[in-house]
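Proteins come first, then strands; the chains are lettered A, B, ... in the order of their sequence lines, and each starts at number 1.
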Amino acid sequence: MPRRVAPIPAAPSASTAEELLPLRAKPAPPTSPREITRDEVADVFENIARLLALDGENPFKVRAYQNGARAVEMFAGNLREAVVGEDAPGIPGLGEALALKVKELVTTGRLDFYERLRERLPAGILELFEIPGLGDKKIKALHDQLKVTSVAKLEEALRAGVVAKLPGFGEKTAQNLLAAIERRKEVADLFRLGDVAADALAVHEALRGHPEVIRVSPAGSFLRRKEIVHDLDFVVSTRAPETVGEFFATLPTVRRVEARGPTKVSVRLASGVPCDLRLVADAEYPFALQHFTGSKEHNLAFRQRVLARGWTLNEYRLAADKPDAAPVPKVRDEAGLYGALGFAWIPPELRENAGEWEAAALAEGPGLPRLVELENLRGTFHCHTTASDGRDSLRAMAEAARELGFQYLGIADHSKASFQANGLDAGRLLAQVAEIRALNAELAPDFRLFAGTECDILKDGSLDFPDEILAQLDYVVASVHASFTLPEAEQTRRLVRAMGNPHVTMLGHATGRLLLTRPGYAVDLAAIIEAAAATGTIIELNASPRRLDLDWRWWHRARDAGVRCAINPDAHRTAGFQDLWFGVAAARKGWLRREDVVNCLPLGEVETALGAKRTRSS
DNA sequence: GCCGTTTTCGGCCCGACTGTTTTCAGTCG
């Protein structure tokens with residue numbers, strides 16, 4: 001049933017990053033000299049593992065370094081405090097040898113053992129691990145037999161046809177590798193929203209603090225919250241463009257300056273992300289911000305409407321273009337610019353020329369939706385604990401969720417078919433349910449844990465637990481974790497069958513995609529949405545910035561079909577809750593409102609939504 | 001390299017999938 005869409009106020013509400021980011025910890029201010037980060041230490045261990053494997057080292061030693069990388073990555077405390085000093089507590093999961101290496105990295109910024117290992121092997125060989133389908137054995141074979149030492153050399157060898165002739169390789173393998181190299185080239189200049197958000201915040205924060213900056217905002221695809229961006233854009237208004245440009249070009253996060261002029265400075269950040277700054281006078285600011293926020297398609301449609309009035313618009317001004325044109329109103333901000341043309345201010349997330357113009361027309365339009373905001377979330381589902389592959393205990397997850405102001409948290413650890421994730425069998429699951437019930441007695445009445453599972457959808461669409469077990473849970477997330485390569489019709493039948501089970505409350509990450517890494521499995525999403533609507537199954541919007549699945553492009557349609565959304569962080573540790581920011585961004589981009597998102601419901605109402613499917617089938 | 005109601009050696013995550021193979025190796029989750 002179509003629902004009435006409440007128009008949003010003309011003035012910008014929560015549109016800027018910092019207003020939407022109360023959950024996300026502010027990045028630490030750059031210190032000098034910069035302390036090595038957890039992720040960098042983890043990368044060193046990961047690379048050591050790879051180099052040792054290529055060197056033919058004991059595979060269990062290799063794994064020890066891989067485990068060490070994971071342990072460091074997941075470690076919640078301060079690295080330096082954990083390893084430096086007389087009675088340093090150490091890092092859980094790290095033994096003596098690796099703890100010493102962390103200490104060396106933290107105190108000197110380098111690791112002698114690692115440097116020497118790297119000298120022994122060709123510099124480009126590590127990048128070969130980034131090619132899916134290549135592991136240490138194949139890379140070693142390529143290196144030893146074909147002198148392949150880099151991705152470029154591999155491509156040469158593939159095109160020369162010599163790889164397919166190696167023992168253990170073949171025509172099909174060679175084709176797959178070539179395809180993987182091509183795909184890698186395509187995504188070389190692309191970044192996930194999650195990869196640039198911290199940079200964007202830091203740069204925004206720095207610019208805002210500068211005394212010569214009058215107004216500043218991120219722009220471009222980052223402000224529109226595209227799941228993939230090419231670069232970061234900022235627009236600043238100032239009376240001193242040279243001073244601000246110089247300040248920007250010399251920020252600690254800047255690796256190098258690519259171009260430098262009076263109105264534009266282009267840099268490459270240390271993270272590899274290109275970042276542009278536009279400098280304008282304050283009167284030009286709304287035009288520049290609107291122009292550089294895009295999208296191109298949105299702006300093209302805008303220009304056509306401007307031209308129809310006999311006006312002209314560029315990134316500096318709105319002006320009369322014809323002698324008989326109506327006078328141009330004074331524009332002070334974006335709301336004024338949209339208002340001048342008879343439109344409500346359009347949230348950046350919706351600026352994709354996908355119906356926002358029709359909705360925003362003040363005179364006759366249906367009104368823009370009042371988009372869901374982070375503050376509307378009352379809880380979330382699909383979180384993991386140490387019982388499966390999570391890094392924090394049930395209690396720690398519950399307490400962190402309560403800290404964030406949530407009223408409830410759904411626990412959905414993996415089921416047994418996900419063995420690699422230490423999935424729970426029925427016995428362990430029921431023990432966890434008992435643990436949750438006991439903890440709830442302690443947390444009531446203002447907080448509640450819901451006992452669930454992320455139950456594997458098996459190849460034939462049946463579930464990894466029998467109905468008698470599922471019936472004892474508060475809710476069930478059903479997800480695909482294997483058999484990605486089924487033909488589309490079969491994959492679709494599989495998901496539809498799973499959604500037909502009355503215990504399946506919601507469908508997890510609907511396509512299984514990993515952004516910039518792996519396309520989703522072939523599935524007919526229109527049919528999935530139809531089945532979700534017919535069965536009353538909630539569809540998850542997996543908020544992990546690696547997934548953002550179901551994609552925002554489908555949500556408008558799903559909403560109109562009456563499907564409800566659950567914005568889930570798929571959190572594997574307490575810090576994972578922060579990913580909800582990305583989920584809300586994607587939901588907004590998909591035109592979702594508070595009433596479309598099931599985890600905006602307060603405790604006392606959300607239970608009904610979780611139980612709705614069972615109720616109607618009984 | 002890590003770990004131990006198996007404590008100083010000997011094991012260490014299992015199964016599906018793919019492609020190369022005629023019975024299995026490598027990769028991935």
Side-chain angles (χ1 to χ4, degrees), chain A residues 44-72 90-104 111 113-114 117 128-145 158 163-180 384 386-390 413-425 428 454 456-460 464 479-487 490-491 494 508-509 512-514 517-522 544 546-547 570 572:
Chain A
V44 169
F45 283 170
E46 194 61 51
N47 284 341
I48 289 175
R50 289 168 166 176
L51 292 169
L52 289 177
L54 292 180
D55 226 13
E57 204 17 297
N58 171 7
F60 294 108
K61 190 174 187 172
V62 172
R63 186 181 298 165
Y65 278 95
Q66 287 166 343
N67 291 343
R70 290 243 327 256
V72 169
I91 293 168
L94 282 198
E96 204 177 339
L98 266 67
L100 271 174
K101 291 186 168 72
V102 175
K103 184 176 174 184
E104 187 179 336
L111 181 61
F113 174 73
Y114 179 46
L117 201 52
L128 288 167
F129 283 93
E130 293 164 21
I131 308 291
L134 283 186
D136 53 81
K137 303 283 182 3
K138 285 208 157 80
I139 293 174
K140 190 166 163 56
L142 288 165
H143 174 248
D144 293 350
Q145 295 171 59
L158 286 163
V163 172
K165 296 193 178 70
L166 281 187
F169 290 72
E171 203 49 59
K172 187 78 201 205
T173 304
Q175 277 172 24
N176 288 346
L177 289 175
L178 207 50
H384 299 269
T386 43
S388 66
D389 59 348
D413 271 314
H414 287 285
S415 65
K416 59 188 189 301
S418 280
F419 192 91
Q420 81 291 345
N422 191 25
L424 282 63
D425 59 21
R428 289 175 63 214
E454 183 179 15
D456 266 56
I457 300 174
L458 305 179
K459 193 173 181 176
D460 62 354
D464 198 21
S479 305
V480 163
H481 290 113
S483 300
F484 293 139
T485 52
L486 297 181
E490 201 177 331
Q491 194 71 272
R494 176 191 190 189
H509 44 69
R513 75 177 182 184
L514 292 177
T517 305
R518 171 180 92 194
Y521 31 81
S544 163
R546 291 166 52 74
R547 295 187 182 271
D570 202 350
H572 285 71

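Pair assignment for B:dG4: B:dC9, on the basis of Watson-Crick or G-U wobble contacts that are both within less than 3.5 Å.
Counting non-hydrogen atoms under 4.0 angstrom, A:S418 reaches nothing in the nucleic acid. Counting non-hydrogen atoms under 4.0 angstrom, A:A97 reaches the backbone sugars and phosphates but no base. Backbone-only contact: A:D136 has heavy atoms under 4.0 Å from sugar-phosphate atoms and none from a base.
One interatomic measurement links the two molecules: CZ of A:F129 to C1' of B:dC28, which rounds to 14 Å at whole-angstrom precision. In this structure, the CZ atom of A:R70 is 16 Å from the C1' atom of B:dG1, given to the nearest Å. If you measure from atom CD of A:E130 to atom P of B:dT27, you get 16 Å, rounded to the nearest angstrom. Atom-to-atom, NE2 of A:H481 to C1' of B:dC17 comes out at 17 Å; the value is rounded to the nearest Å.
Figure legend: A:R494 and A:Y521 shown without cation-pi pairing, the cationic atom not lying both under 6.0 angstrom from the six-membered ring centre and within 45 degrees of its axis.
Of all nucleotides listed (B:dG19, B:dT18, B:dG1), B:dG19 comes nearest to the side chain of A:T173. Of the candidates B:dG1, B:dC28, B:dC13, B:dC28 carries the atom nearest the A:P132 side chain, counting heavy atoms from C-beta on. With B:dA16, B:dG1, B:dG19 as the choices, the nucleotide that has an atom nearest any side-chain atom of A:N176 turns out to be B:dG19. Relative to the side chain of A:K172, the nucleotides B:dG1, B:dC17, B:dT20 differ in distance, and B:dT20 lies closest. For A:K138, the listed nucleotide lying nearest its side chain is B:dT27; candidates were B:dG19, B:dT27, B:dG1.
Counting heavy atoms from C-beta outward, A:K101 and A:Y114 have side chains that stay 4.5 Å or more apart.
Nearest-nucleotide positions on DNA chain B place A:A99 closer to the 5' end than the other of A:I139 and A:A99.
Across residues 53-61 of chain A, A:N58, A:F60, A:K61 each have a non-hydrogen atom less than 4.0 Å from an atom of DNA chain B (numbered order).
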